[in-house]
Asker: 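Supplied in structure tokens, the structure appears directly below.
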Amino acid sequence: MTSTDYAPAPAITLTIAGSEATGGAGAQADLKTFQQLGTYGIVALTCIVSFDPKSNWNHRFVPVEPGVIADQLEAAQTCYAGALDTVKLGMMGSPATIDTVATALKGQSWRHVVLDPVLICKGQEPGHALDTDEALKANLLPLATFVTPNHFEAEQLSGIAITDEASLIEAAKRIHDISGAAVLAKGGVRLSGQDAIDVFYDGETLEVLREEKIGEVAVSGAGCSLAAAVTAELAKGATPLDAARAAKSFVTRGIRRRVASAAPFDALWQG
């Protein structure tokens with residue numbers, strides 16, 4: 001067998017994110033999305049998150065030591081040097097983690113850095129969460145080439161209240177102005193109307209992505225999977241707008257085929 005007998009190597013996609021034990025979100029969702037969309041997924045874990053069924057299903061949050069995160073990234077970046085140029089950033093959880101990740105990212109050049117700016121993890125102390133949010137804005141947002149904030153995150157990053165399509169558009173524009181990145185601001189089920197709308201803006205192109213709502217309750221893993229789908233599509237060569245369109249369609253299908261459980265929320269299925 002010669003080298004020409006093998007299929008072309010898949011694009012490599014790295015997620016730097018937390019583990020979520022029920023499988024609906026976090027690194028588990030990212031890896032399933034990468035696989036489904038035809039990229040070779042690898043992960044560096046930043047924290048271990050599990051829902052607590054004895055406490056209203058809030059998060060139990062355990063950070064991974066910064067040195068362990070650095071070791072994971074050193075292995076991944078060295079192993080796939082020259083092939084790894086696309087990364088998705090998910091749950092960080094602490095300023096120390098953000099500093100470690102930012103240092104590793106600055107150690108090489110990237111075509112795409114997709115930031116899912118997770119600003120809240122239930123179970124963190126409020127002061128610690130605020131410090132983490134400020135560190136993310138200062139150290140990771142400037143490195144991003146594509147940002148996928150949800151309704152709450154878009155409000156926090158833009159500084160405006162988002163109540164309708166017009167304000168979601170304005171928020172996307174402001175976040176682009178702040179970061180220089182392409183933005184996919186998610187309205188989802190948070191805005192009234194029959195459609196779940198997201199807004200794409202990259203400084204030149206503005207497009208409102210619409211899909212009919214499937215229920216009125218958020219589905220676990222939708223945000224993680226959307227950002228992961230954008231990451232996979234970018235790694236395969238899609239434009240940012242085409243990646244956003246494909247990701248929106250992918251997540252809509254996953255919500256339609258969501259997985260129910262004993263938890264008070266359903267999980268998106270990436271299959």
Side-chain angles (χ1 to χ4, degrees), residues 10-18 20 22-43 86-91 111-118 144-151 153-154 168 172 181-191 194-202 205 207-260 265-271:
I12 309 294
T13 43
L14 167 65
T15 178
I16 307 174
E20 196 281 278
T22 68
Q28 287 87 334
D30 294 344
L31 290 178
K32 286 183 281 189
T33 298
F34 292 161
Q35 183 77 12
Q36 187 68 17
L37 294 179
T39 69
Y40 185 82
I42 54 178
V43 60
T86 302
V87 60
K88 182 224 164 182
L89 309 178
M91 167 63 74
R111 274 196 310 146
H112 307 291
V113 177
V114 179
L115 174 62
D116 185 10
V118 181
T145 63
F146 200 119
V147 187
T148 63
N150 64 21
H151 180 268
E153 294 154 358
L168 185 62
V183 178
L184 184 58
K186 299 172 286 187
V189 298
R190 305 299 182 189
L191 301 181
Q194 67 178 13
D195 291 336
I197 63 169
D198 303 330
V199 171
F200 174 88
Y201 183 68
D202 65 358
T205 301
E207 182 164 312
V208 179
L209 308 181
R210 304 177 187 276
E211 293 282 357
E212 187 174 352
K213 285 181 181 176
I214 306 165
E216 294 288 340
V217 179
V219 173
S220 177
C224 301
S225 299
L226 184 81
V230 166
T231 304
E233 295 299 326
L234 290 173
K236 294 186 295 184
T239 67
L241 177 56
D242 285 341
R245 290 168 174 165
K248 175 75 167 177
S249 178
F250 176 83
V251 167
T252 300
R253 294 195 301 272
I255 293 173
R256 187 171 290 117
R257 304 174 71 185
R258 59 194 180 273
V259 177
F265 47 81
D266 295 337
L268 182 141
W269 186 45
Q270 294 82 8

Asker: Run Val118 and Asp116 through side-chain contact (heavy atoms from CB on, under 4.5 Å) and show every step you take.
Answerer: CA-CA 6 Å; Val118 181; Asp116 185 10; 4.2 Å; yes
Asker: Could you report the tightest heavy-atom contact between Ala222 and Val251, atom names first, then the distance?
Answerer: O-CG2, 3.9 Å
Asker: How many angstroms lie between CZ in Phe250 and CD1 in Ile255, if you round to the nearest 0.5 Å?
Answerer: 11.0 Å
Asker: Yes or no on side-chain contact (heavy atoms from CB on, under 4.5 Å) for Leu268 and Gln270, after CA distance, side-chain angles and deciding distance?
Answerer: CA-CA 6 Å; Leu268 182 141; Gln270 294 82 8; 3.5 Å; yes
Asker: Quick one, Phe146 and Leu184 - any side-chain contact, counting heavy atoms below 4.5 Å?
Answerer: yes
Asker: Only one of Val87, Thr231, Val43 forms a side chain to side chain contact (heavy atoms under 4.5 Å, CB included) with Thr15, so which one is it?
Answerer: Val43
Asker: Is it the case that more than 12 heavy atoms not belonging to Arg111 sit under 6.0 Å from its CZ atom?
Answerer: yes
Asker: More than 12 non-hydrogen atoms from neighbouring residues, nucleotides or ligands closer than 6.0 Å to OH on Tyr40, yes or no?
Answerer: no
Asker: Any chance you could lay out the side-chain contact (heavy atoms from CB on, under 4.5 Å) test for Leu168 and Ile197, step after step, and finish with the verdict?
Answerer: CA-CA 9 Å; Leu168 185 62; Ile197 63 169; 4.1 Å; yes
Asker: With a 4.5 Å cut-off on side-chain heavy atoms, are Ile42 and Ile12 touching?
Answerer: yes
Asker: When you compare the side chain of Thr39 with that of Lys236, does any pair of heavy atoms fall below 4.5 Å?
Answerer: yes
Asker: Any donor-acceptor pair under 3.5 Å linking the side-chain atoms of Ser249 with those of Arg253?
Answerer: yes
Asker: What is the distance from atom CZ of Phe200 to atom OG1 of Thr148, rounded to the nearest 0.5 Å?
Answerer: 12.5 Å
Asker: Could you state the interatomic distance from CD (Gln194) to CD (Glu212), rounded to the nearest 0.5 Å?
Answerer: 5.5 Å
Asker: Decide side-chain contact (heavy atoms from CB on, under 4.5 Å) for Val217 and Val189; before the verdict, give the C-alpha distance in whole Å, the side-chain angles of both, and the deciding distance to 0.1 Å.
Answerer: CA-CA 7 Å; Val217 179; Val189 298; over 6 Å; no
Asker: What is the minimum heavy-atom distance between Ala232 and Phe34, and which atoms define it?
Answerer: CB-CD2, 4.2 Å
Asker: Nearest 0.5 Å, please: how far is CD in Glu20 from SG in Cys224?
Answerer: 8.5 Å
Asker: To the nearest 0.5 Å, what is the distance between CD (Gln35) and OG1 (Thr13)?
Answerer: 9.5 Å
Asker: State, with a plain yes or no, whether a side-chain heavy atom of Ile214 is found less than 4.5 Å away from one of Val219.
Answerer: no
Asker: Ignoring hydrogens, what is the shortest heavy-atom contact between Asp198 and Gly187? Give both atom names and the distance.
Answerer: OD1-N, 3.3 Å
Asker: Would a 4.5 Å heavy-atom cut-off, applied to side chains only, mark Glu233 and Asp242 as touching?
Answerer: no
Asker: Locate the shortest heavy-atom distance separating Ala238 from Leu234; write the atom from each residue and the value.
Answerer: O-CD2, 3.6 Å
Asker: Taking all non-hydrogen atoms of both residues into account, name the closest pair between Lys248 and Thr252 and its distance.
Answerer: O-OG1, 2.8 Å
Asker: Between Pro149 and Val183, which heavy-atom pair has the shortest distance, and what is it?
Answerer: CD-CG1, 4.2 Å
Asker: Between NZ of Lys88 and CG of Leu226, what distance do you get to the nearest 0.5 Å?
Answerer: 9.5 Å
